[in-house]
Amino acid sequence: MRVLVTGGAGFIGSHIVDALVGAGDEVTVLDAVLPAVHRTKPEVNDGAELIVADVTDPVRVEAALDGVDAVCHQAAMVGLGVNLDDLPAYATNNDLGTAVLLSAMARRGVRRLVLASSMVVYGEGGYRCPADGLVRPGPRRPADLDAGRFEAPCPCCGNPLQPTPVTEDAPLNPRNVYAATKVAQEHLAAVWAITTGGSVLALRYHNVYGPRMPRDTPYAGVASIFRSALERGEAPRVFEDGGQLRDFVHVHDVARANLQALRHTAPPGRLLPLNIGSGDPHTVGDMAHALAQAFGGPVPVITSAYRAGDVRHIAASSARAGNILGYRPQIAFSDGMAGFARDPLRG
């Protein structure tokens, strides 16, 4: 099979390329290799063809699709965004880029797409109230956050809630710029599938970590931010009270999920979303302490600070991916964090 991997020089994309090449597939990588993302020249697997071009360039994208059987679309601007000044860049890189790619795929007759989506499309995760059952809390109020009341209350009775694993049928409720663009990507891909009879597996990644994560930037994931602090000899600074529940999944498991998705005969004419997590959620505070202990660095500091757009708890149910793809995460949290403490980061 010949696969085009957009963003294949990046963190997750490069591991997918390695997995595909290792499985004997022909791989073309399309990546803009932007200096803001790649401060040093990225290393791309020697078994893949690299095309340095932007996914928003229709001529280069269509040329890259020559002879391709399937597309693995990883190219995106990631992170929550710093402020609303980021809106044009996110919409251009994520949504315009996806629209250009889908249009070119339609013209070229390429009908198989694996789309990198994200847990952020849900907003808050799943919650259960002892009195009212399954509920969906609204956005947390700044006054509560300022007072250190970080848990989202039941929208019906105001009582504390119990987090539950989020499933793919949960409503989409983006809470930040990046999340809004990921929802738009899914909607664009769904329209493409309906119109062309193509198939889309949208892999909703949870908190991915591992080797080649980008170093500390305003757009980096929390694991990378903590690891970068430890390298500087600083204590990781944990927002809120550290009790935010997340599903930290190793990039090698995510790469395997993409390989399985590309080999799956997905239903035509529709988008099928699949959570890709570890099945073993931990708090952000737990992760900071595990990473600091493995690194041998300072003990994390709980700051009580917060970011607008952050959610309190979100952890995945990856049961659907297990049933459909045979996806089974293989890297345990303790082993993954011990390795990540020494893994090379991307400059």
Side-chain angles (χ1 to χ4, degrees), residues 1-14 16-17 20 25-34 37-38 42 44 48-78 88-118 120-121 177-205 254-255 257-259 261-262 264 266 268-274:
M1 179 167 58
R2 185 167 188 86
V3 181
L4 173 64
V5 182
T6 69
F11 165 42
I12 297 173
S14 66
I16 296 170
V17 170
L20 287 167
D25 293 302
E26 297 179 73
V27 183
T28 299
V29 171
L30 179 78
D31 199 299
V33 192
L34 298 174
V37 179
H38 301 276
V44 176
E49 175 192 3
L50 172 62
I51 299 173
V52 179
D54 198 296
V55 74
T56 61
D57 184 335
V59 175
R60 300 297 300 278
V61 168
E62 187 156 353
L65 287 167
D66 189 33
V68 164
D69 301 301
V71 174
C72 187
H73 184 31
Q74 305 294 314
M77 186 174 179
V78 300
Y90 273 94
T92 298
N93 285 282
N94 298 356
D95 299 336
L96 176 60
T98 299
V100 168
L101 174 65
L102 294 171
S103 178
M105 289 175 66
R107 290 192 297 273
R108 283 285 184 162
V110 181
R111 297 291 183 262
R112 298 183 65 187
L113 174 65
V114 174
L115 173 67
S117 188
S118 172
V120 296
V121 300
V177 170
Y178 172 61
T181 63
K182 299 308 283 187
V183 171
Q185 279 187 316
E186 287 198 14
H187 287 169
L188 289 168
V191 170
W192 169 85
I194 292 168
T195 305
T196 65
S199 65
V200 185
L201 289 174
L203 305 187
R204 292 175 176 168
Y205 303 154
V254 172
N258 276 271
L259 199 63
L262 286 162
H264 179 72
R270 60 175 292 201
L271 178 144
L272 180 63
L274 300 172

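Fair warning: this is a prediction, and the values are worked out from it, not measured in the lab.
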- To the nearest 0.5 Å, what is the distance between CG (Asp57) and CG (Leu101)? 12.5 Å
- Can you find a pair of side-chain heavy atoms, one from Val100 and one from Val55, that are under 4.5 Å apart? no
- Under 3.5 Å, is there a donor-acceptor pair linking the side chains of Gln74 and Thr6? no
- Kindly determine whether Leu115 and Leu201 satisfy side chain to side chain contact (heavy atoms under 4.5 Å, CB included), including the steps that lead there. CA-CA 6 Å; Leu115 173 67; Leu201 289 174; over 6 Å; no
- Item | Taking every non-hydrogen atom, the tightest pair across Asp31 and Ala9 | OD2-N, 3.0 Å
- Query: Under 3.5 Å, side chain of Tyr205 to main-chain N/O of Ile12, donor-acceptor pair present?
  - Reply: no
- Got a second to check how far Leu271's CG is from Trp192's CH2, nearest 0.5 Å? 10.0 Å
- Task: First locate atom CG of Asp25, then atom CG of Leu259, and finally report the distance between them rounded to the nearest 0.5 Å.
- Result: 6.5 Å
- For residues Arg108 and Asp66, determine if any side-chain heavy atom of one lies less than 4.5 Å from a side-chain heavy atom of the other. yes
- Item | side chain to side chain contact (heavy atoms under 4.5 Å, CB included) assessment of Val191 paired with His187 | CA-CA 6 Å; Val191 170; His187 287 169; 5.7 Å; no
- Query: Within a strict 4.5 Å, meaning less than it, do heavy atoms of the Arg204 and Leu274 side chains meet?
  - Reply: no
- Item | Distance (rounded to the nearest 0.5 Å) between Arg112 CZ and Cys72 SG | 11.5 Å
- Note on the structure: Rounded to the nearest 0.5 Å, the CG atom of Leu262 sits from the CG atom of Leu20 at a distance of 6.0 Å
- Message: When you compare the side chain of Thr196 with that of Arg111, does any pair of heavy atoms fall below 4.5 Å?
- Response: yes
- Query: Do Asn258 and Leu203 touch side chain to side chain, with heavy atoms closer than 4.5 Å?
  - Reply: yes
- Message: Show, in sequence, the C-alpha distance, side-chain angles and deciding distance for Leu102 and Leu113, and conclude whether the side chain to side chain contact (heavy atoms under 4.5 Å, CB included) test is met.
- Response: CA-CA 9 Å; Leu102 294 171; Leu113 174 65; 3.7 Å; yes
- Task: Indicate the atoms forming the closest heavy-atom contact of Val121 with Ser117, along with that distance.
- Result: CG1-OG, 3.9 Å
- Message: Under a 3.5 Å distance rule, please check whether Lys182 uses its side chain to pair with a backbone N or O of Val177 as donor and acceptor.
- Response: no
- Task: Ignoring hydrogens and angles, tell me if any N or O in the side chain of Asn93 forms a donor-acceptor pair with the backbone of Met77 under 3.5 Å.
- Result: no
- Shortest non-hydrogen pair, Arg107 vs Ser103, comes out as NH1-OG, 2.7 Å
- Query: Which residues satisfy the side-chain hydrogen bond (donor to acceptor under 3.5 Å, both in side chains) test with Thr56, sequence neighbours excluded?
  - Reply: Asp54
- Item | Flag side-chain contact, heavy atom, 4.5 Å: Asn94 against Tyr178 | yes
- What closest approach, in Å, do Ala193 and Val200 show between heavy atoms, and which atom pair accounts for it? CB-CG2, 4.0 Å
- Please step through side chain to side chain contact (heavy atoms under 4.5 Å, CB included) for the pair Met105 and Glu62, ending with a clear verdict. CA-CA 7 Å; Met105 289 175 66; Glu62 187 156 353; over 6 Å; no
- Item | Least distance between heavy atoms, Ala104 atom then Val61 atom | CB-CG1, 3.9 Å
- Item | Side chain proximity check, Thr28 to Ile51, heavy atoms < 4.5 angstrom | yes
- Task: Could I get the full list of salt bridge (Lys or Arg N to Asp or Glu O under 4.0 Å) partners for Arg2, not counting sequence neighbours?
- Result: Glu26, Glu49
- Which value, rounded to the nearest 0.5 Å, describes the distance between Arg270 atom CZ and Ser199 atom OG? 10.5 Å
- Message: Are Leu4 and Leu30 packed together at the side-chain level, in the sense that at least one heavy-atom pair is separated by less than 4.5 angstrom?
- Response: yes
- Message: Minimum heavy-atom separation for Val33 and Pro42, please, with both atom names.
- Response: CG1-CD, 3.5 Å
